[in-house]
Amino acid sequence: MVDGSQDGLRGAQAPASPDPQAHPTTAPLPRLSPDAGPDTRALPLAQALAHEAVKQSAKDLEHRLLGAERTLRRRDVAAGAGISLLSARKLWRAMGFPNIGDDDVAFTQVDLDALVTIVDNVRAGLLTEEAAISLTRAIGQMTDRMVVWQVEALVEDMVQNQGVSDPEARRRLVSVLPELIEPMEKILLYSWRRQLNAALHRLGVRADTGLASSEAGRDGSEDDAPLPLARAVGFADLVSYTSLSRRMNERTLAQLVQRFENKSAEIISVGGGRLVKTIGDEVLFVAETPQAGAQISLSLAREFRRDEMLPDTRVSLVWGRILSRLGDIYGPTVNLAARLTALAEPGTVLTDSLTAATLADDDRFVLLPQQTTAVRGFGDINPVILAPGEGTGLVLD
């Protein structure tokens with residue numbers, strides 16, 4: 001009796017055949033998974049197999065990233081943390097999670113542990129519920145923007161350096177990311193600790209010093225007087241960006257935007273400032289002193305004027321008081337700086353008379369008063385062109 005199993009067939013001796021073509025030895029044909037959907041089965045076999053391989057790699061990667069299998073429903077997680085489903089949903093919304101149905105098995109033990117961590121801090125009195133939600137929202141929003149940036153950077157790199165299409169590069173992510181997860185995680189934690197230390201000093205320890213230095217020329221009646229932080233606020237805006245973007249293809253536009261952001265971030269960082277945000281063709285930054293803000297502003301105007309790949313910038317700078325919330329800044333100082341940017345000539349830096357007064361005795365700066373101008377929301381103001389004086393300004397590597 002012949003064993004019909006694979007091992008039995010492998011162990012049986014087949015009779016010799018006079019025709020070598022009668023029993024050719026070939027590898028088994030590849031087959032689709034029984035779980036393959038109709039859309040996958042409709043594809044040519046090679047393409048369908050590649051699609052299945054990507055799906056399996058994505059599933060393996062998801063398990064690694066989530067840390068465990070999805071075995072819990074939302075009510076299970078809320079009950080495990082000892083809170084109501086309503087409270088749990090508040091935290092998940094703050095984190096940026098989509099709505100999950102009652103019957104969806106979408107959570108893991110790691111999700112439960114994270115929720116317990118947040119709740120325990122509230123129960124211990126370290127955080128109020130409002131503060132916990134705000135901190136959770138900060139983490140959710142910042143990490144969301146961060147991972148989108150990282151994914152797009154990897155895709156762009158593959159498109160440019162491996163000669164693959166954008167869709168193919170996105171499919172390859174599942175094979176590229178596993179080797180990068182651990183190093184990126186280490187760098188994230190390292191950077192977070194460094195940034196937290198810097199923010200502690202910038203927003204806490206040195207806050208009183210900044211307020212004291214901002215008293216010059218003020219009588220306390222200014223619109224920004226009640227605000228808690230003194231900062232030099234600046235904008236840099238690319239000239240003719242809208243018309244340029246209409247004439248560029250996708251890759252060229254992406255390169256322009258990336259070069260603008262990278263160069264701005266470098267200059268602001270070297271000058272000791274902080275890049276608050278990038279809004280398309282514009283960057284918003286802050287510095288702790290008017291002098292630091294002035295050096296950054298002049299360097300932005302100078303470096304973009306020298307860059308043959310980028311248009312000139314209009315730059316503005318205002319020293320005043322601001323409110324810092326949700327990673328952004330607010331107040332009349334920010335609004336005035338935005339208005340001045342629109343008034344500045346390409347390649348120049350424009351400031352207001354109060355900021356100019358704080359820089360007047362510094363030989364590194366030249367101040368050129370301009371005609372009084374009506375500015376929406378501020379009435380008549382006296383803009384001043386800020387130009388470089390003695391010294392080399394910021395030295396960039």
Side-chain angles (χ1 to χ4, degrees), residues 194-195 197-220 222-236 264-277 283-303 313 315-325 327-338 340-341 344 348-368 381-396:
R194 294 284 301 186
Q195 296 288 5
N197 178 68
L200 171 65
H201 290 273
R202 186 175 65 243
L203 300 176
V205 177
R206 298 194 296 264
D208 288 343
T209 303
L211 287 175
S213 66
S214 70
E215 293 293 340
R218 302 166 65 97
D219 60 16
E222 294 80 11
D223 291 341
D224 64 349
L227 301 183
L229 291 173
R231 290 290 185 270
V233 177
F235 281 92
S264 298
E266 179 185 357
I267 293 169
I268 293 165
S269 177
V270 169
R274 182 175 75 87
L275 176 61
V276 178
K277 61 182 176 182
V283 294
L284 168 62
F285 68 92
V286 292
E288 290 190 59
T289 67
Q291 291 77 17
Q295 291 279 40
I296 292 170
S297 299
L298 290 171
S299 293
L300 286 168
R302 180 189 70 222
E303 293 303 317
T313 56
V315 187
S316 67
L317 181 74
V318 177
W319 170 244
R321 297 186 179 182
I322 63 169
L323 176 69
S324 178
R325 288 291 185 274
D328 207 340
I329 58 174
Y330 306 89
T333 300
V334 183
N335 298 336
L336 179 56
L340 288 175
T341 306
T348 66
V349 180
L350 203 59
T351 188
D352 68 317
S353 57
L354 185 58
T355 305
T358 66
L359 301 171
D361 296 328
D362 194 321
D363 293 337
R364 293 174 297 175
F365 311 113
V366 173
L367 301 160
L368 307 170
I381 67 166
N382 299 307
V384 178
I385 291 178
L386 172 65
E390 299 178 4
T392 58
L394 290 185
V395 178
L396 305 175

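Counting begins at 1 with the first residue of the sequence.
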Per-pair distances, 0.1 Å, donor-acceptor, side chain in residues 356-363, under 3.5 Å, sequence neighbours excluded:
residue : atom : partner : partner atom : Å
T358    : OG1  : T355    : O            : 2.6
D362    : OD1  : R364    : N            : 3.0
D362    : OD1  : R364    : NE           : 3.0
D362    : OD2  : R364    : NE           : 3.2
D362    : OD2  : R364    : NH2          : 2.7

### Message
Donor-acceptor check, side chain of T351 to backbone of L317, threshold 3.5 angstrom: yes or no?
### Response
yes
### Summary
Here the pair of heavy atoms bringing T341 nearest to S316 is OG1-OG, 2.7 Å
### Message
Please report the interatomic distance OG(S269) to CD1(I296), rounded to the nearest 0.5 Å.
### Response
9.0 Å
### Task
Check whether any side-chain heavy atom of V283 lies under 4.5 Å from a side-chain heavy atom of L275, and answer yes or no.
yes
### Task
Measure the CD1-CG distance between I322 and D224 for me, rounded to the nearest 0.5 Å.
10.0 Å
### Query
How about I329 and R231: do any of their side-chain heavy atoms sit closer than 4.5 Å?
no
### Query
Looking at D328 and K277, what are the two nearest heavy atoms and their distance?
OD2-NZ, 2.7 Å
### Message
Within the structure provided, determine whether V384 and L350 are in side-chain contact (heavy-atom separation under 4.5 Å).
### Response
no
### Query
Are F235 and V334 close enough that some pair of their side-chain heavy atoms sits under 4.5 Å apart?
yes
### Query
Could you state the interatomic distance from CG (L227) to OG (S324), rounded to the nearest 0.5 Å?
11.0 Å
### Task
Would you check if N382 and D352 make a side-chain contact, meaning some heavy-atom pair closer than 4.5 Å?
no
### Task
Identify, with sequence neighbours excluded, every residue that meets salt bridge (Lys or Arg N to Asp or Glu O under 4.0 Å) alongside R274.
none
### Value rounded to 0.5 Å, distance of CG in L229 from CG in L323
8.0 Å
### Message
Is there a side-chain contact between I381 and L340 in this structure, where contact means two heavy atoms from C-beta onward sitting under 4.5 Å apart?
### Response
yes
### Query
Roughly how far, to the nearest 0.5 Å, is the CG atom of L354 from the CH2 atom of W319?
10.0 Å
#### Entry: Side-chain (T333) to main-chain (R321) donor-acceptor, under 3.5 angstrom
yes
### Summary
Scanning both residues in full, the closest heavy-atom pair of A236 with L300 reads CB-CD1, 4.0 Å
### Task
Could you pull out the closest heavy-atom pair between A232 and P290, with the gap in Å?
CB-CA, 4.1 Å
### Query
Which heavy-atom pair separates P332 from D223 by the least distance, and what is that distance?
CG-CB, 3.8 Å
### Message
Measuring from atom OG of S297 to atom CZ of F365, what distance do you get when rounded to the nearest 0.5 angstrom?
### Response
9.0 Å
#### Entry: Least distance between heavy atoms, A301 atom then V349 atom
CB-CG2, 4.0 Å
